[in-house]
Chemist: 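Pasting a structure here, questions to come.
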Amino acid sequence: MTASAWRRPVERAVVVVVLLVVAGLLLRGHPVDAPSAAALNGAHTGVVGALSSAVYTVFEPVPAILLTMVLTAVVWARTRCLVVAAGFAGVVALTWIPSDVLKVVVGRPRPDGSVLSHPFVPAQPDASFPSGHMVFVVALVLAALMLVRDVRRRRVWAVCGGLVIVAVATALTVDGVHWPTDVVASVVWALAVAPVARIVWVDVVLRRVTQRLEQTGRHRSGRGKDRS
């Protein structure tokens, strides 16, 4: 891959991450989305409340890792290519896991349960900005989109994935575990970081590993022919 091919996505990601840090620090001191957070949490009743809590549980770290493993196995089975499956898993991981660094740097507290109608129990002790749940879901959708080559199927998957993202974002804010701006920042992070994750993992790391394995295979094949 030429330098010009990866420079723009990398530069874009750097700018976006810097802007997210600034926005997160400003929001930590000035939670302008507090009224909307309280209003959304007010909907945490009945079926809506139960579904919202279920969504949060489903995308907790351990279930999320297991889900990634299962989907990676599905990709492997469908494509019959370990490299493609490894690429899918790597894009998800390299988009999702580094978002915890931003969470630590910003250190934004979770919405104050004392002012919410239906505070989440138990209260989550880690920082709020961005949402790891949201980053994971968006990363999953983007990694899957990168595997779809047919334009029509890509559009269908983009629409379906978008609906899933909106549903999860709504559930997290209704649960009161994240501010609305947390989930927006999570989507922005994933959109900026996922392309760089693909470049680093698929176009650089996996390509070099594949080339090295091919060279080793040719070398061994050549030695076998010489002996015969």
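What's counted below: heavy atoms across the whole structure, side chains too, no hydrogens, waters or symmetry copies.
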Chemist: Closest heavy-atom contact between Tyr56 and His133?
Modeler: O-NE2, 3.0 Å
Chemist: Give, for atom CG of Leu206 and atom CG of Leu82, the distance between the pair rounded to the nearest 0.5 Å.
Modeler: 9.0 Å
Chemist: Should Pro111 and Leu116 count as side-chain neighbours, where that means a heavy-atom distance under 4.5 Å?
Modeler: yes
Chemist: Could you measure the distance from the CG atom of Leu147 to the CZ atom of Arg153? Nearest 0.5 Å is fine.
Modeler: 10.0 Å
Chemist: Restricting to pairs with a member in residues 31-54, which pass side-chain hydrogen bond (donor to acceptor under 3.5 Å, both in side chains), not counting sequence neighbours?
Modeler: Asp33-Arg108, Asp33-Thr181, His44-Ser53, His44-Asp175, Ser53-Asp175
Chemist: Leu94 and Val16: same hydrophobic cluster, using ILVMFWY side-chain contacts below 4.5 Å?
Modeler: no
Chemist: Can you tell me how far CZ of Phe59 sits from CG of Leu67, rounded to the nearest 0.5 angstrom?
Modeler: 6.5 Å
Chemist: Side chains of Phe120 and Val174: closer than 4.5 Å at any heavy-atom pair?
Modeler: no
Chemist: Does some side-chain heavy atom of Met134 sit less than 4.5 Å from a side-chain heavy atom of Ile165?
Modeler: yes
Chemist: Under 4.5 Å between side-chain heavy atoms, hopping through other hydrophobics if needed: is there a path connecting Val156 to Val138?
Modeler: no
Chemist: For residues 95-104, tabulate all N or O donor-acceptor pairs below 3.5 Å that involve a side-chain atom, not counting sequence neighbours.
Modeler:
| unit_1 | atom_1 | unit_2 | atom_2 | d |
| --- | --- | --- | --- | --- |
| Thr95 | OG1 | Val91 | O | 2.7 |
| Trp96 | NE1 | Gly132 | O | 3.2 |
| Ser99 | OG | Trp96 | O | 2.6 |
| Lys103 | NZ | Ala127 | O | 3.1 |
| Lys103 | NZ | Pro130 | O | 2.9 |

Chemist: Are any of the side-chain heavy atoms of Pro109 and Ser128 separated by less than 4.5 Å?
Modeler: no
Chemist: Is Met146 linked to Val92 within one hydrophobic cluster, defined over Ile, Leu, Val, Met, Phe, Trp and Tyr using a side-chain heavy-atom separation of less than 4.5 Å?
Modeler: no
Chemist: For the CZ atom of Phe129 and the NE2 atom of His178, what is their distance to the nearest 0.5 Å?
Modeler: 11.5 Å
Chemist: So do the side chains of Leu142 and Arg198 get within less than 4.5 Å of each other, counting heavy atoms only?
Modeler: no
Chemist: When clusters are formed by joining ILVMFWY residues with side-chain heavy atoms under 4.5 Å apart, either directly or through shared neighbours, do Val137 and Val187 land in the same one?
Modeler: yes
Chemist: Considering only distance and modelled atom types, tabulate donor-acceptor pairs under 3.5 Å from the side chains of residues 69-81, sequence neighbours left out.
Modeler:
| unit_1 | atom_1 | unit_2 | atom_2 | d |
| --- | --- | --- | --- | --- |
| Thr72 | OG1 | Thr68 | O | 2.7 |
| Thr79 | OG1 | Val75 | O | 2.7 |
| Thr79 | OG1 | Cys81 | N | 3.3 |

Chemist: Taking atom types as modelled, is there a side-chain donor on Asp182 or Ser131 under 3.5 Å from an acceptor on the other?
Modeler: no
